[in-house]
Structures are given as structure tokens and as C-alpha cells.
Amino acid sequence: MASIGKLYWDAVPGRKGWCVVAIMLSVLNSAAAAPPRLLVLGDSLSAGYGLPHDQGFEVQLQRALQAHGHEVSIIDGAVSGDTSAGGRARLDWALGDGADAAIVELGANDGLRGLDPKDLEANLTAILDSLAAKHIPVLLTGMYAPPNLGPDYQAAFRAVYERLGKRPGVLYDAFFLQSVATVDDLNQADRMHPNPEGVRRIVARILPLVEKLLSEAKPA
């Protein structure tokens, strides 16, 4: 079967330039139609620890976006057990194919291990700096420290997210597990990781912010 380009070439003799233009326009239109690429850089909470693949945060988020008319390609950058240092170390790898927007969900494991909030801030700052340098808008979703570490640690930990959430180009969600943490019916047996219904509620709550994030994305 003759290609479209060949048919065009034969149908319009002497107008090879128009054929080239038509092909270039076709390529450009295909690129423009590509869905935005959304990086999720996170830990077990966004990786879907303990859940069937189709019930994890990334898949549920993609389904919710599709239901609202958004076709999005999600880049899986969530690794169970990761700290903010781990996310920082693998950011360049996660961005290997580029991204148009990013959700940063890190810090839960820093809090569980009682790591210094100053290190948390340094790591998250480096991540946000790298994304800003690439003109990638960010949704930073925060985390609270466990209460057993004391009020001073909790306050210092929370203050890190509050400061970084005020950065230009950053949308801020104060607590990823809002209205889900400590609710037995919304969590798995470990009482730390949300069950499918817990994830659904997180996605429903965060969806407007993700839509706003995507509206700020500028596909290459």
C-alpha cells in the first residue's frame, strides 16, 4: 500500500515543498497530542505498598484524572522505604525521559527513623531546585512526624514543609494522609499504609490540586 506521503507526492507534482510541510505538520500535531508526563516521586504511600497494582495511588490517580477528561502519562518514581535522601539521589534517573509536572511525596520514612529535619529540608530543597531549573511545576505534599518523637521534633518537621510550600512554582498540600491517618477502616493492618478506600479518599481530596498542577505544565 502506498504511503500517505507518496500519494501526496504523486497527486501534486512539482510541489515537493508542500509535501514536506504536510509531513512536518503531521509530526508536530502528533507531538502536541501527546499526554503530559506527570512524575510521582515518593515512597511506599504513593508506591501502593501492600495493595494490588490497580489500587495503588498512581493508578487510582490516573483513573480519576481520566474520569475528569485528563489524559496523563504517569512516571512511576515511587519506591517503598525511600527517604528524602533516596528520592534526591534518584531524581535524575526518574527524569531520564523528561517530565512536564511532578508530585513530590517524601518524608514519611525520615520521620519514622527520627532523621534530622534539617537533612529533610536540605534534600527536599535540592529536589525542588532541580525541578525548578527544568521549569517543572511541583505539587509538594507534606507529612507529619510520629507523635512519639515529641512536640519539638514534630514542630520542626512540619515547619520544613510549610517553608518549602511557599516557594514560587510550588503547589502545597500540607498532609498527604489528611483524614486517612489513624482511621482504622481506611488503613491496612499495619495502620500506616492506606487501604484501597483510603487511597481513593486521598486521590479525591488531592485531585483539584493535581488538575491545577497540570494546568501549569508546559509540555516540551
Side-chain angles (χ1 to χ4, degrees), residues 38-47 57-58 61 77-91 94-95 99-183 186-187 191-194 198-199 201-217:
L38 174 61
L39 170 65
V40 178
L41 186 71
D43 51 38
S44 59
L45 297 175
S46 49
F57 172 76
E58 294 175 339
L61 175 62
V79 175
S80 293
D82 228 355
T83 61
S84 60
R88 176 182 181 179
R90 60 188 171 77
L91 178 61
L95 289 172
D100 302 308
I103 297 173
V104 176
E105 178 277 305
L106 288 166
N109 291 303
D110 296 62
L112 287 173
R113 300 178 190 183
L115 302 181
D116 193 330
K118 292 181 180 178
D119 292 334
L120 170 67
E121 185 161 11
N123 292 324
L124 291 178
T125 297
I127 290 170
L128 296 178
D129 285 346
S130 294
L131 293 169
K134 297 178 184 297
H135 307 289
I136 298 173
V138 178
L139 170 57
L140 174 65
T141 181
M143 184 53 54
Y144 293 170
N148 62 298
L149 295 173
D152 291 342
Y153 184 89
Q154 282 185 295
F157 195 90
R158 184 171 182 176
V160 168
Y161 293 97
E162 292 175 346
R163 282 192 293 270
L164 295 180
K166 296 176 182 177
R167 286 177 51 131
V170 172
L171 295 175
Y172 180 48
D173 172 52
F175 185 32
F176 185 73
L177 296 174
Q178 181 180 325
S179 302
V180 171
T182 74
V183 181
L186 300 178
N187 286 280
R191 297 187 177 183
M192 293 190 295
H193 295 91
V199 173
R201 296 200 186 188
I202 292 169
V203 168
R205 181 187 61 77
I206 208 171
L207 185 62
L209 278 173
V210 178
E211 291 182 298
K212 184 176 181 182
L213 176 70
L214 292 172
S215 74
E216 297 178 0

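Throughout, residue positions are numbered sequentially from 1 according to the sequence presented. Just so you know, these numbers come straight off a predicted model, no measurement behind them.
Side-chain contact between L213 and L38 is present, with heavy atoms from C-beta onward closer than 4.5 Å. Contact check for V104 versus I127: side-chain heavy atoms found under the 4.5 Å cut-off. Here the side chains of L91 and S130 are in contact, with some heavy-atom distance below 4.5 Å. Between K118 and V160 the shortest side-chain heavy-atom distance does not fall below 4.5 Å.
For A156, the side chain to side chain contact (heavy atoms under 4.5 Å, CB included) test picks out P117, with sequence neighbours left out. Every side chain to side chain contact (heavy atoms under 4.5 Å, CB included) that A78 has, sequence neighbours left out, goes to S46, A47, E58, D76.
Atom CZ of R191 sits in a sparse spot, with 12 or fewer heavy atoms from other residues, nucleotides or ligands closer than 6.0 Å.
Heavy-atom minimum distance, D100 versus A217: O-CB, 3.3 Å. Residues N109 and G81 approach most closely at ND2-C, 3.3 Å, considering heavy atoms. When all heavy atoms of D43 and G107 are compared, the pair lying nearest together is OD2-N, 3.9 Å. Annotation for P208 and A204: closest pair CD-O, 3.7 Å, computed over non-hydrogen atoms. In terms of heavy atoms, I202 sits closest to F57 at CG2-CE1, 4.1 Å.
In this structure, N187 contributes its side chain and V180 its backbone to a donor-acceptor pair below 3.5 Å. No donor-acceptor pair under 3.5 Å is formed between the side chain of R158 and the backbone N or O of M143. Under a 3.5 Å cut-off, the side chain of S215 and the backbone N or O of K212 do form a donor-acceptor pair. A donor-acceptor contact shorter than 3.5 Å links the side chain of R205 to the backbone of F176. Remark: the backbone N or O of L149 is not paired with any side-chain donor or acceptor of Q154 at under 3.5 angstrom. Of the possible donor and acceptor atoms, one in the side chain of Y153 sits under 3.5 Å from a partner among the backbone N and O of L115.
Using a cutoff of 4.0 Å between basic side-chain nitrogens and carboxylate oxygens, E162 and K166 are not scored as salt-bridged. Between R167 and D129 there is a salt bridge, since at least one side-chain N of the basic residue sits less than 4.0 Å from a carboxylate O of the acidic one.
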**Intermediate values then yes/no, side chain to side chain contact (heavy atoms under 4.5 Å, CB included), E216 and L171** = CA-CA 10 Å; E216 297 178 0; L171 295 175; 4.2 Å; yes
**Request:** Might you work through the side chain to side chain contact (heavy atoms under 4.5 Å, CB included) test for Y161 and L124, ending with a clear yes or no?
**Result:** CA-CA 9 Å; Y161 293 97; L124 291 178; 3.6 Å; yes
**Request:** Determine, step by step, whether L41 and I103 satisfy the side chain to side chain contact (heavy atoms under 4.5 Å, CB included) criterion, reporting the C-alpha distance in whole Å, the side-chain angles of both residues, the deciding distance to 0.1 Å, and the verdict.
**Result:** CA-CA 6 Å; L41 186 71; I103 297 173; over 6 Å; no
**Message:** Evaluate H193 against S44 for side chain to side chain contact (heavy atoms under 4.5 Å, CB included), listing each step before the verdict.
**Reply:** CA-CA 8 Å; H193 295 91; S44 59; 2.8 Å; yes
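Put simply, CG on L207 and CG on L61 are 7.0 Å apart, with the number rounded to the nearest 0.5 Å. Rounded to the nearest 0.5 angstrom, L45 CG and D82 CG are separated by 11.5 Å. Rounding to the nearest 0.5 angstrom, the gap separating the CD atom in E105 from the CD1 atom in I206 is 9.0 Å. Here the CG atom belonging to L120 is positioned 4.5 Å from the OG atom belonging to S84, to the nearest 0.5 angstrom. A distance of 11.5 Å separates CZ in F157 from CD in E121, rounded to the nearest 0.5 Å.
Residues T83 and D110 bring no donor and acceptor atom of their side chains to less than 3.5 Å of each other.
Evaluated for a side chain to side chain contact (heavy atoms under 4.5 Å, CB included) with L131, the options L140, V170, L95 yield exactly one hit, L95.
Using the six-membered ring where Trp is involved, Y144 and F175 have ring planes that are parallel, under 30° apart on the 30 and 60° scheme.
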